[in-house]
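In listed order, ligands and their atoms are each counted from 1. These values consider heavy atoms only, across backbone and side chains, with no hydrogens, waters or symmetry-generated copies.
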Amino acid sequence: MAWAHPHLLGIADLSAADIVDLLDRAEALVDADAGTLLSGKVVVNAFYENSTRTALSFQLAAKRLGAHDLSMSVAYSSVVKGETLADTARTLDALGADAIVLRHAVSGAAAEVASVVGCAVINAGDGTNEHPTQALIDALALRRRFGNLAGLIVAICGDIRHSRVARSNMLLLTQLGIKVRVTGPPALLPDETPDGVAVMSDMDEAVAGADAVMMLRVQHERMPDRLDLPLDLYHERHGLTEARMRYAAPHAVVMHPGPINRGVEIADALADDPARSVILDQVTLGVPVRMACLAALVA
Ligand code: NCD
């Protein structure tokens with residue numbers, strides 16, 4: 001099936017069929033040898049916010065497909081001289097970029113770039129809006145573990161309000177028939193959630209019977225005031241502990257998009273348990289998922 005969208009700005013733009021198509025393409029690339037599908041194409045990573053997993057896996061994905069991959073170093077770029085996002089994007093386009101992979105602190109930044117360039121734009125996280133490739137990774141990790149996704153229960157826990165990962169996952173997982181619950185401290189719950197998402201104030205209730213528990217970091221950098229909750233209390237009320245995990249289904253998996261704040265949102269014993277944690281599988285799947293997205297948009 002030919003890919004119909006010029007950009008990947010968010011899960012909100014995708015149908016269930018589009019999502020399954022990308023997951024199938026990514027699955028086919030999981031153990032694939034490096035290829036030349038994007039030979040001669042130029043992929044530019046423009047990351048205005050810090051990143052380890054997302055930036056490196058996009059780079060690796062572009063390399064595995066045979067593309068020229070460039071990473072724009074924002075700190076050493078003309079951004080520091082006052083160049084606007086739109087002008088920087090036009091510059092990358094004029095240099096011959098076939099895709100711009102953008103991470104930015106402002107919600108809607110990827111859509112802004114898409115509106116001024118001729119090449120494909122992939123949103124690698126824009127403010128509190130969306131992080132579509134992370135949600136695709138998470139869905140693929142679940143599909144590889146459980147097979148059929150419809151009817152699964154996924155509890156997303158922590159800073160839902162400021163998390164673009166939570167938002168993209170709420171949109172994606174509900175489209176695939178997953179029952180999504182979100183929970184966290186009242187100040188970190190969102191004002192609105194997509195249809196079909198249950199908001200729960202009590203974490204034990206949210207975790208009860210869940211097939212997967214997805215933990216999120218508290219995004220202090222996106223809050224005007226510090227969260228008025230000491231870290232030990234946060235861990236006790238909203239962290240994933242061994243005791244709390246016992247409420248989940250016996251086969252339940254632990255997920256986290258990273259970076260982890262150990263001992264805050266998640267206990268070491270759970271983060272490091274190879275039988276239950278799929279956290280590093282999520283990282284590994286970042287490469288085939290991003291290869292699939294780049295190939296769909298640029299090849
Ligand atoms: C997340 C992000 O940047 O949105 N990380 C990621 O991409 N894997 C989550 C976070 O920063 O906590």
Side-chain angles (χ1 to χ4, degrees), residues 8-12 26 45-62 71 74 101-111 121-142 154-173 182-185 187-190 212-223 226-227 231 234-235 238-240 253-266 271 277-294:
L8 178 58
L9 303 180
I11 300 297
N45 269 326
F47 278 58
Y48 288 70
E49 279 192 332
N50 293 359
S51 173
T52 301
R53 284 150 278 267
T54 307
L56 290 177
S57 58
F58 264 114
Q59 255 179 283
L60 201 48
S71 285
V74 171
V101 178
L102 183 81
R103 167 165 290 196
H104 202 281
V106 174
S107 300
V121 176
I122 299 183
N123 182 3
D126 62 332
T128 60
N129 179 39
E130 281 229 41
H131 192 350
T133 56
Q134 183 64 48
L136 288 162
I137 290 167
D138 299 342
L140 188 60
L142 287 167
V154 175
I156 308 178
C157 313
D159 185 357
I160 311 296
R161 176 181 278 273
H162 302 104
S163 174
R164 52 202 179 201
V165 174
R167 212 174 115 65
S168 290
N169 262 304
M170 287 190 275
L171 291 164
L172 189 154
L173 300 178
V182 296
T183 186
L188 301 185
L189 289 175
V213 183
M214 184 187 297
M215 300 309 303
L216 298 171
R217 180 179 69 88
V218 178
Q219 307 219 348
H220 293 288
E221 73 274 24
R222 302 192 202 286
M223 292 180 205
R226 272 202 82 78
L227 183 66
L231 293 184
Y234 186 93
H235 187 63
H238 307 287
L240 191 60
V253 293
V254 175
M255 307 179 80
H256 197 310
I260 293 173
N261 282 154
R262 288 173 176 270
V264 183
E265 73 268 11
I266 189 164
S277 168
V278 295
I279 295 172
L280 292 176
D281 299 326
Q282 291 171 268
V283 176
T284 307
L285 289 173
V287 178
V289 164
R290 286 164 178 140
M291 285 170 80
C293 295
L294 284 168

Considering both backbone and side-chain atoms of [X], is one of its nitrogen or oxygen atoms within less than 3.5 Å of a nitrogen or oxygen in ligand 1?
{"X": "Pro259", "answer": "no"}
{"X": "Arg103", "answer": "yes"}
{"X": "Glu221", "answer": "no"}

Q) Which bit of Val165 is near ligand 1, meaning a heavy atom under 4.0 Å away: side chain, backbone, both or neither? A) side chain
Q: May I ask you to identify, for Gln134, whether its side chain, its backbone, both or neither come under 4.0 Å of ligand 1 on a heavy-atom basis?
A: side chain
Q | Test item: Thr133 and His131 side chains (from C-beta on) under 4.5 Å apart, heavy atoms | A | yes
Q) Is NZ or CZ of Arg103 both nearer than 6.0 Å to the six-membered ring centre of Phe47 and within 45° of the ring axis? A) no
Side-chain donor or acceptor of [X] paired with backbone N/O of [Y] under 3.5 Å:
{"X": "Arg164", "Y": "Gly127", "answer": "yes"}
{"X": "His104", "Y": "Tyr48", "answer": "no"}
{"X": "Arg161", "Y": "Ala187", "answer": "yes"}

**Q.** Proximal ligand 1 atoms for Gln219, defined as those under 4.0 Å from one of its heavy atoms
**A.** 9 (C), 10 (C), 11 (O), 12 (O)
(Q) I'd like to check which ligand 1 atoms, numbered from 1 as shown, lie under 4.0 Å from a non-hydrogen atom of His131. (A) 2 (C), 4 (O), 6 (C), 7 (O)
Q. For atom 8 (N) of ligand 1, what's the nearest protein heavy atom and its distance?
A. Pro257 O, 2.9 Å
Q: For the pair His256 and Arg217, evaluate side-chain hydrogen bond (donor to acceptor under 3.5 Å, both in side chains) and give the outcome as yes or no after the intermediate values.
A: CA-CA 8 Å; His256 197 310; Arg217 180 179 69 88; over 6 Å; no
Q. Heavy atoms only: which of Gly158, Ser163, Gly258, Gly125 is nearest to atom 6 (C) of ligand 1?
A. Gly258
